[in-house]
Novice: 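Please read through the structure below; I'll follow up with questions.
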Amino acid sequence: METQKKRVFSGIQPTGTFTLGNYIGAVRNWPLLQDEYDCIYCVVDQHAITVKQTPAELRKKTYESAAMLLATGIDPKKSMMFVQSHVPQHTQLSWVLSCNAQYGELGRMTQFKDKSAKHADNINTGLFTYPVLMAADILLYNADLVPVGADQKQHVELARNIAQRFNNTYSETFVLPEPFIPKIGARVMSLQEPKKKMSKSDTNEKSFIVLTDTPDVIVKKIKSAVTDSEGVVKYDVENKAGISNLMGIYSVMTGKDFEEIEKEFEGQGYGVFKTAVAESIIDTIKPIQDEYARLLNDKAYIEDVLREGAQKAQYQANKILSKVYRKVGFAQF
Ligand code: ATP
Ligand code: LTN
C-alpha cells in the first residue's frame with residue numbers, strides 16, 4: 001500500500017514585494033517540496049492587517065503575492081494555493097485555539113515585542129493573537145512540516161505546544177508540526193545594518209532587495225552594502241557580519257559552499273566579490289521576473305487558481321474543524 005505523503009503548510013503576508021530574505025529563507029523552498037510532500041501555500045491577508053494597510057494596496061498586493069508564488073515555481077496542479085480570508089475556517093479554529101493559548105506565552109513572542117515597539121501607536125489585540133491565527137493555519141490541515149525563516153521558529157513551536165495541549169485535554173486531534181528551516185539563509189540580514197533581519201517593511205530601501213528590482217538597482221544596492229575594512233572574503237558572522245551575509249546569499253544563489261567562495265575570491269577585494277554576488281542574484285531572479293510579468297497580465301488565471309485553491313482548502317479544513325467543534329462540546333448544527 002502506498003504510504004500517504006507528509007503534509008507541508010506555509011504562509012506569507014501580502015505586505016509588500018517579496019525580499020531576497022523571504023525568497024531565500026522560505027519561498028524558494030516551497031516549490032522544491034512539491035513532489036515529495038502534499039503542499040499547501042497561503043497568502044495570509046488576515047495576518048497582514050495586524051499592522052495598518054491601505055485597503056486598495058492590500059488587495060493589489062494579495063494578487064501580486066499569488067502571482068509571485070506561481071512565478072517562483074508553485075504549480076497549482078501539485079500544490080494547493082489560496083488566500084487566507086477566502087477560507088473562513090482559519091478564523092473559526094483560531095477562536096477555539098485562543099481559548100487554549102495562554103496570555104503569558106503570547107506575551108513572550110519576540111515578533112509581538114518587536115512589532116509593538118515598531119508600531120507603538122497601534123498595539124491592537126490582533127497583533128497579540130497573531131500567533132494563534134498562525135497556529136490555526138497550520139493545525140487546520142494537520143501539517144507535519146512548516147517551511148519558514150528562522151524568525152518564525154518560535155511561532156511554529158507555539159503552534160506545536162497548543163496542539164499538544166489540545167490533544168491532552170480533548171484526545172488526539174492535531175498532528176504536531178515542526179519548523180523546516182534552511183541551513184544557509186535562514187536569516188538573511190539587512191544590507192545596511194547586517195545585525196538586523198532583512199525585512200520588506202524596512203523604511204530604508206537600500207537595506208533590502210526585492211524580487212522585482214532591476215539589474216541596475218541590484219548592483220547599486222549590493223555595491224552599497226555595509227561590509228568592513230579588512231578586505232578579505234571570509235565567513236565570520238561575529239566580526240564580519242556584512243561579508244558573511246553576502247557570502248550566505250552568494251552560496252544559496254550558486255550552490256557553492258563557504259570554503260569554495262573564500263578560495264574563489266582569495267586575494268581579491270570586495271569590489272570583485274560584490275559584482276559576483278549581484279550577478280548571481282540577477283541570474284537567479286531573471287526567469288522569475290519574466291514569469292511574474294507574464295502572470296500579472298493574466299489576472300483571470302490567478303483568480304481561477306485562488307478560487308480553486310480556496311474550494312479545495314475549505315473541503316479539507318471542514319473535516320478538522322467539525323472534529324474540533326465536536327470535541328470541545330459545541331452542539332451539532
Ligand atoms: P514584514 O516586514 O512585513 O514583517 P517579512 O519580510 O518579515 O515581513 P513575512 O511575510 O513575515 O516577511 O515572512 C514570510 C516568510 O519569509 C517567513 O517564513 C519568514 O520567516 C521569511 N523571512 C522573512 N524575512 C526573512 C529574512 N530576512 N531571512 C530569511 N527568511 C525571512
Ligand atoms: N507569520 C508568518 C506568516 C504565516 C505563516 C503561517 C507561516 C502566517 N501563517 C503559517 C507559516 C505557517 C510570517 O512570515 N510572518
Side-chain angles (χ1 to χ4, degrees), residues 2 4-15 18 26-27 29-49 55 58-97 132-148 159 163 173-175 177 291-292 294-327 330 332-333:
E2 204 190 328
Q4 235 192 340
K5 283 182 178 174
K6 284 201 170 195
R7 182 161 279 178
V8 160
F9 183 100
S10 199
I12 186 153
Q13 303 184 73
T15 43
F18 299 173
V27 172
N29 299 311
W30 296 3
L32 302 176
L33 299 166
Q34 286 181 123
D35 291 318
E36 200 180 329
Y37 299 91
D38 180 12
C39 297
I40 306 179
Y41 298 122
C42 188
V43 179
V44 292
D45 54 348
Q46 290 170 313
H47 277 109
I49 64 165
L58 178 64
R59 194 169 296 119
K60 182 163 165 262
K61 289 282 175 215
T62 300
Y63 287 112
E64 287 177 359
S65 301
M68 191 54 98
L69 290 180
L70 293 171
T72 58
I74 288 173
D75 178 351
K77 289 196 201 74
K78 293 181 183 167
S79 303
M80 224 187 268
M81 195 182 96
F82 62 94
V83 175
Q84 190 182 36
S85 64
H86 294 176
V87 183
Q89 288 84 353
H90 290 236
T91 42
Q92 290 177 294
L93 179 61
S94 182
W95 177 256
V96 178
L97 297 183
V132 181
L133 179 58
M134 176 162 162
D137 297 339
I138 298 166
L139 303 183
L140 196 49
Y141 303 96
N142 267 337
D144 300 277
L145 281 185
V146 185
V148 283
T173 309
F174 296 121
V175 167
E291 183 61 2
Y292 178 66
R294 193 186 69 76
L295 284 164
L296 276 189
N297 282 322
D298 196 354
K299 194 169 171 212
Y301 171 70
I302 296 170
E303 281 174 342
D304 281 350
V305 167
L306 294 177
R307 191 177 314 107
E308 211 172 292
Q311 277 162 356
K312 285 192 205 152
Q314 286 198 21
Y315 176 78
Q316 296 285 338
N318 263 332
K319 289 199 218 173
I320 301 222
L321 187 68
S322 47
K323 200 166 157 186
V324 167
Y325 273 20
R326 207 171 51 244
K327 292 206 182 193
F330 291 164
Q332 210 175 344
F333 177 62

Novice: Measuring from atom OH of Y301 to atom CG of L306, what distance do you get when rounded to the nearest 0.5 angstrom?
Specialist: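 Reported to 0.5 Å precision, the distance equals 10.0 Å.
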
Novice: Can you name the nearest heavy-atom pair linking A143 to V175, along with the distance?
Specialist: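 Nearest pair, atom of A143 first, then V175: O-CG1, 3.7 Å.
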
Novice: Before you tell me yes or no, could you show the steps for R7 and D144 under salt bridge (charged side-chain N to carboxylate O under 4.0 Å, His left out), namely the whole-Å CA-CA distance, both residues' side-chain angles and the distance that decides it to 0.1 Å?
Specialist: CA-CA 5 Å; R7 182 161 279 178; D144 300 277; over 6 Å; no

Novice: Ignoring hydrogens and angles, tell me if any N or O in the side chain of Q314 forms a donor-acceptor pair with the backbone of H86 under 3.5 Å.
Specialist: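 Answer holds: yes.
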
Novice: To the nearest 0.5 Å, how far apart are CG in N297 and OH in Y292?
Specialist: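 Between N297 CG and Y292 OH, I get 11.0 Å after rounding to 0.5 Å.
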
Novice: Does the side chain of L69 come within less than 4.5 Å of I12's, by heavy atoms?
Specialist: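 Answer yes - side chains close enough.
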
Novice: So do S85 and Q46 actually touch side chain to side chain, heavy atoms under 4.5 Å?
Specialist: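 Q46 vs S85: side chains touch.
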
Novice: Contact between Y63 and V43 at the side-chain level, heavy atoms closer than 4.5 Å - yes or no?
Specialist: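 SC-SC contact between Y63 and V43 ruled out.
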
Novice: What is the distance from atom NZ of K299 to atom CG of D304, rounded to the nearest 0.5 Å?
Specialist: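 Rounded to the nearest 0.5 Å, the NZ-CG separation comes to 12.0 Å.
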
Novice: Please say whether more than 12 non-hydrogen atoms of neighbouring residues, nucleotides or ligands are located less than 6.0 Å from CD in E303.
Specialist: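 For E303, atom CD is crowded (more than 12 foreign heavy atoms under 6.0 Å).
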
Novice: Side-chain contact test, heavy atoms from C-beta onward, threshold under 4.5 Å: evaluate it for P147 versus L33 and give yes or no.
Specialist: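 Yes, their side chains come closer than 4.5 Å.
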
Novice: Under 6.0 Å from the ring centre and within 45 degrees of the ring axis: does the NZ or CZ of K312 meet both conditions for the six-membered ring of F82?
Specialist: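 No.
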
Novice: Taking the side chain as every heavy atom from C-beta outward, state whether V8 and Y41 have any atom pair closer than 4.5 Å.
Specialist: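 Result yes, sub-4.5 Å side-chain heavy-atom pair found.
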
Novice: Please walk me through it: do T72 and F18 pass side chain to side chain contact (heavy atoms under 4.5 Å, CB included)?
Specialist: CA-CA 11 Å; T72 58; F18 299 173; 5.6 Å; no

Novice: Can you confirm whether D298 sits close enough to I302 that some side-chain heavy atom of one is under 4.5 Å from a side-chain heavy atom of the other?
Specialist: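 Of all side-chain heavy-atom pairs linking I302 with D298, none is under 4.5 Å.
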
Novice: Hey, are Q84 and H47 close enough side-chain-wise for a donor-acceptor pair under 3.5 Å?
Specialist: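 Side-chain D/A pair, H47 to Q84: present.
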
Novice: Check L70 against P76 and note the closest heavy-atom contact, atom names and distance.
Specialist: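 Closest pair (atom of L70, atom of P76, distance): CD2-CD, 3.8 Å.
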
Novice: Using the side chain to side chain contact (heavy atoms under 4.5 Å, CB included) rule, pick out the option among L93, L140, I138 that qualifies with F174.
Specialist: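 Checked L93, L140, I138 against F174; only one passes side chain to side chain contact (heavy atoms under 4.5 Å, CB included): L93.
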
Novice: Over all heavy atoms of both residues, which pair between A135 and L97 is shortest? Give the atoms and the distance, please.
Specialist: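 The answer is C-CD1, 3.9 Å.
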
Novice: A side-chain contact here means heavy atoms from C-beta on lying under 4.5 Å apart; do I320 and Y141 qualify?
Specialist: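 A side-chain contact under 4.5 Å is absent here.
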
Novice: How long is the gap from CD on Q89 to CG on D137, to the nearest 0.5 Å?
Specialist: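 If we round to the nearest 0.5 Å, Q89:CD and D137:CG are 12.0 Å apart.
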
Novice: I need the minimum non-hydrogen distance between I74 and P31, along with the two atoms involved.
Specialist: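 Smallest heavy-atom distance, with atoms named: N-CB, 4.2 Å.
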
Novice: What pair of heavy atoms forms the shortest contact from G73 to Q34, and how long is it?
Specialist: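 Of all heavy-atom pairs spanning G73 and Q34, the closest is O-NE2, 3.1 Å.
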
Novice: Measure across D45 and L58 and return the closest heavy-atom pair with its distance rounded to 0.1 Å.
Specialist: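 Scanning both residues completely, I find the closest heavy atoms to be O-CD2, 4.5 Å.
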
Novice: More than 12 heavy atoms of other residues, nucleotides or ligands under 6.0 Å from NZ of K6: yes or no?
Specialist: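 Counting other residues, nucleotides and ligands, NZ of K6 stays at 12 neighbours or fewer.
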
Novice: Verify side chain to side chain contact (heavy atoms under 4.5 Å, CB included) between T15 and K61, making sure each step is shown before the conclusion.
Specialist: CA-CA 7 Å; T15 43; K61 289 282 175 215; over 6 Å; no

Novice: Under 4.5 Å between any side-chain heavy atoms of L296 and E64, yes or no?
Specialist: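 Touching, per the 4.5 Å side-chain cut-off.
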
